[in-house]
There are 2 protein chains.
Amino acid sequence: MGPNEIKHNAPTPPYVQLAAILRSRVERGDWRPGEPIASELRLTEEYGVSRGTVRRAIAVLVDEGVLFVVPHRGTYVAER
Amino acid sequence: MGPNEIKHNAPTPPYVQLAAILRSRVERGDWRPGEPIASELRLTEEYGVSRGTVRRAIAVLVDEGVLFVVPHRGTYVAER
DNA sequence: TCTGATTTGTCCGTATGTATG
DNA sequence: TCATACATACGGACAAATCAG
């Protein structure tokens, strides 16, 4: 883990921090294009934030074209 | 209550008066270690001061190690 | 077909964080 | 100092869709 921890008292909001973490995990190849990333519930447990924060972070990456959501199925890594 | 009233025309600033009141309430065991005290909104209603004043008073006690704040969750009594 | 588990969708209430006048 | 507004975050609850058995 290391730096991949959410700081609640940082000037950068948790959802922005988490978005950066998830972005780097995708770039690192942690999750490959076309494959699902961890579920929202899993991410809340892994990073100690609320689901609302997780969903907001995902929304950022969806907006960037890094991820896409399939309703009731999961969140996936976009194809390049 | 009784003496636990904020005097706006006193030489001692409201936030200092409130800090003293809250400190005594903790010492009295009104709120126990690890448990949350009243919310900022609740305290503004209870003592007739603005939220800014409440937050300033809390900041004093946090500085003293009497209280600690969990962002977006509440203000708690420090252990010990 | 049925059942239960999983996942995202949505809404609500409450709390603190921050900024402005 | 006060009053107000909005942003950010947390937690809970329930619905709807999906999937595996």
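For clarity, every value in this text was computed on a predicted model and none was experimentally measured. Just so it is clear: chains get the letters A, B, ... in the order the sequence lines come, proteins before strands, and each one is counted from 1.
- Residue Arg73(A) places no side-chain N or O under 4.0 Å from the OP1 or OP2 atom of dA17(D).
- Comparing Pro13(B) and Pro71(A) against DNA chain D, the residue whose closest nucleotide sits nearer the 5' end is Pro13(B).
- Here the OG1 atom belonging to Thr53(B) is positioned 10.0 Å from the OH atom belonging to Tyr15(B), to the nearest 0.5 angstrom.
- Nearest to the side chain of Glu40(B), among dC10(D), dG17(C), dT8(C), sits dG17(C).
- Spacing between atom CD1 of Ile58(A) and atom C1' of dT7(C) amounts to 11 Å, rounded to whole angstrom units.
- Between the P atom of dT16(C) and the CZ atom of Phe68(B) lies a distance of 13 Å, rounded to the nearest Å.
- If you check distances only, the side chain of Arg51(A) does reach the base of dG9(C) with a donor-acceptor pair under 3.5 Å.
- Put simply, NZ on Lys7(B) is 18 Å from C1' on dT1(D), counting in whole angstrom units.
- Of the side-chain N and O atoms in His8(A), none sit less than 4.0 angstrom from OP1 or OP2 of dT16(C).
- When atom types are taken as modelled, the side chain of Gln17(A) and the backbone of Thr12(A) share a donor-acceptor pair closer than 3.5 angstrom.
- Considering only the side chain of Ser39(B), dT16(C) comes nearest among dT16(C), dG9(C), dT18(D).
- When the side-chain nitrogen and oxygen atoms of His72(B) are compared with OP1 and OP2 of dA7(D), none of them lie within a distance under 4.0 Å.
- Under 4.0 angstrom from either OP1 or OP2 of dT7(C) there lies no side-chain N or O belonging to Thr75(A).
- Leu41(A) places its CG atom 14 Å from the C1' atom of dA13(D), with the value rounded to the nearest Å.
- Note that OH of Tyr47(B) and CG of Leu22(B) are 6.0 Å apart. Values are rounded to the nearest 0.5 Å.
- Here the CG-CD distance, from Leu18(B) to Glu5(B), works out to 12.0 Å after rounding to the nearest 0.5 Å.
- The CG-P distance, from Leu18(A) to dT8(D), rounds to 15 Å in whole Å.
- For the pair Tyr76(B) OH and dA15(C) P, the interatomic distance rounds to 10 Å; values are reported in whole Å.
- The side chain of Arg55(A) lies closest to dT8(C) when the candidates are dC10(D), dT18(C), dT8(C).
- Gly52(A) comes within 4.0 angstrom of no nucleic acid atom, judged by non-hydrogen atoms across all strands.
- You'll find the side chain of Leu43(B) reaches within 4.5 Å of the side chain of Glu46(B), heavy atoms only.
- Relative to the side chain of Tyr15(A), the nucleotides dT8(D), dC10(D), dT18(D) differ in distance, and dT8(D) lies closest.
- Nearest-nucleotide positions on DNA chain D place Pro14(B) closer to the 5' end than the other of Pro14(B) and Val49(A).
- Across the protein-nucleic acid pair, Leu43(B) atom CG and dT14(C) atom P stand 16 Å apart, rounded to whole Å.
- The side chain of Arg42(A) places no N or O atom within less than 4.0 Å of a non-bridging phosphate oxygen (OP1 or OP2) of dT7(C).
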